[in-house]
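Sequence lines set the chain letters: A, B, ... in the order given, protein chains first and strands last, and positions in each chain run from 1. These numbers come from a predicted model, not from an experiment.
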2 protein chains.
Amino acid sequence: MKLKKISATTEERIKEAAKKVFVQKGYSGARMQDIANEAKINKALLHYYFRSKDQLFELIFMENVQKMMPKINSIIDSDDKLFDKIENFVAEYLGMLSENPFLPLFVVNELSSHPERFFQKIAPLANGNLKVNKFIQQIQDEAARGKIIPISPVTLLMNTISLCVFPYLGKPMIQFVFGFDELQYRMILEQRKKEVASFIINSIKK
Amino acid sequence: MKLKKISATTEERIKEAAKKVFVQKGYSGARMQDIANEAKINKALLHYYFRSKDQLFELIFMENVQKMMPKINSIIDSDDKLFDKIENFVAEYLGMLSENPFLPLFVVNELSSHPERFFQKIAPLANGNLKVNKFIQQIQDEAARGKIIPISPVTLLMNTISLCVFPYLGKPMIQFVFGFDELQYRMILEQRKKEVASFIINSIKK
DNA sequence: GCACTCGTTAACCAAATGGTTAAACTATGA
DNA sequence: TCATAGTTTAACCATTTGGTTAACGAGTGC
């Protein structure tokens, strides 16, 4: 009861190790032994803290997804002007991604292989849902007022997310095509923080 | 020796089954038994035709990647004008994707988890490499002539690929965010064939 | 010092899984 | 019809893997 700090540290170490291994190898590719090794503990201790692989995975997954949702929501649901909002969204989103570069692949994979697990656990949380309504309304208004070209809000949002996320998903492919090494690619990603928003705004501006 | 047709059919059935299962569950998620079931054959027959899981996977993977490469190359390396080329590229690429909607996730996953397997086998093939040089030159020329805004060729190409591929990778996520069912999403993807090129051209046009 | 609790470990277990083997089946050509 | 070669299967094997157990250890309160 006293050395709570130590046990908390162990739990944290496990979580970090689990995130690293899951994200790198995917659910079925990840071995409990890998995670134990990574956390430098006995495998049985994993099950002591987190009963099963399933539960451990779900915890890691949910913790990370839930960390992202509110941030995105707060921007997309703000009262900023459209162009500002796009800039903020891109900046915030790319910032988050550069701190969690492997999260997209993790999420996309999990969502593809076990959609039900996600829908059942995340969907019920009201705050889990993205609040896109205001954003959609805003785009329609701007188009009606002739400030931007007519564009389906869905298209615009999909394009924005695509431009932000894909470079993280397709990193190895892009590196291969262009022959970038790690450092070069990191610079490309850094540069995109400036480019992406204006690319989008350019394409809808009248 | 005579009933080659039957054995070819079996082999084909296995390949199709393998592609389906691998693409759906990923390498480590896929079970040889799943593939056997899918192909309606005995598991031992899998090993009779394709010695091991590794070899079967690699074959499926390579066959599919190699099917895509030449198509993309022929467009990107053509002598069309830039805007035409962008339109052709997007049309061809999205067409191919709509015929192989799960391929992107498959490729991205394999490339992320076993990059070496890919680099060693694909990279040596000269035609495996995308021929981006002419395309890059073209963008630089158009920018110099003031026909388009100055944009890094890498950025433009990355953005183009992002806008094409991401909707397939992020399908479940996007479906979830917007609440699309299968049919609606298929329509969205269909619509993008018209939208994406003009979105890109808009964003670089002067 | 002693019992008690929590954290940790080595050893173990059962199920799953990739892969093998030997036998059976089928068509063919001599 | 019979030997042969290719195809298919059921049964089997070894290893991997998630998960359990029982015991040990260290700190705590009495």
Are A:D54 and A:Y27 linked by a side-chain donor-acceptor pair shorter than 3.5 Å? yes

Between D:dT17 atom P and A:L56 atom CG, what is the distance in whole Å? 17 Å

Whole-Å gap separating P (D:dA11) and OH (B:Y48): 21 Å

Show the nearest heavy-atom pair for residues A:K85 and A:D77, with the distance to one decimal. NZ-C, 4.3 Å

Using a cut-off of strictly less than 4.0 Å, decide whether B:T10 has a side-chain nitrogen or oxygen near OP1 or OP2 of D:dT8. yes

How long is the line joining CD1 of A:I41 and P of D:dG25, in whole Å? 20 Å

Atom pairs and distances, donor-acceptor, side-chain atoms in residues 38-45 of chain A, under 3.5 Å, two or more places apart:
| unit_1 | atom_1 | unit_2 | atom_2 | d |
| --- | --- | --- | --- | --- |
| A:E38 | OE2 | A:K20 | NZ | 3.0 |
| A:N42 | OD1 | A:A44 | N | 2.7 |

What integer distance in Å separates B:L45:CG from D:dT8:P? 5 Å

Plane angle bin for A:F57 and A:F61 - parallel if under 30°, tilted between 30 and 60°, otherwise perpendicular: parallel

Heavy-atom side-chain contact between A:N100 and A:F106 under 4.5 Å: no

Give me the ring orientation class for B:F178 and B:F180: parallel if the planes are under 30° apart, tilted from 30 to 60°, perpendicular past 60°. parallel

What integer distance in Å separates A:R13:CZ from C:dG7:P? 14 Å

Along nucleotides 16-23 of chain C, 5' to 3', which nucleotides get a B, which get an S, and which get a -, given that the test is a protein heavy-atom distance under 4.0 Å? -SBBBB--

To the nearest Å, how far apart are A:N37 CG and C:dA10 P? 12 Å

Given atom NZ of B:K40 and atom P of D:dT8, what is their separation to the nearest angstrom? 15 Å

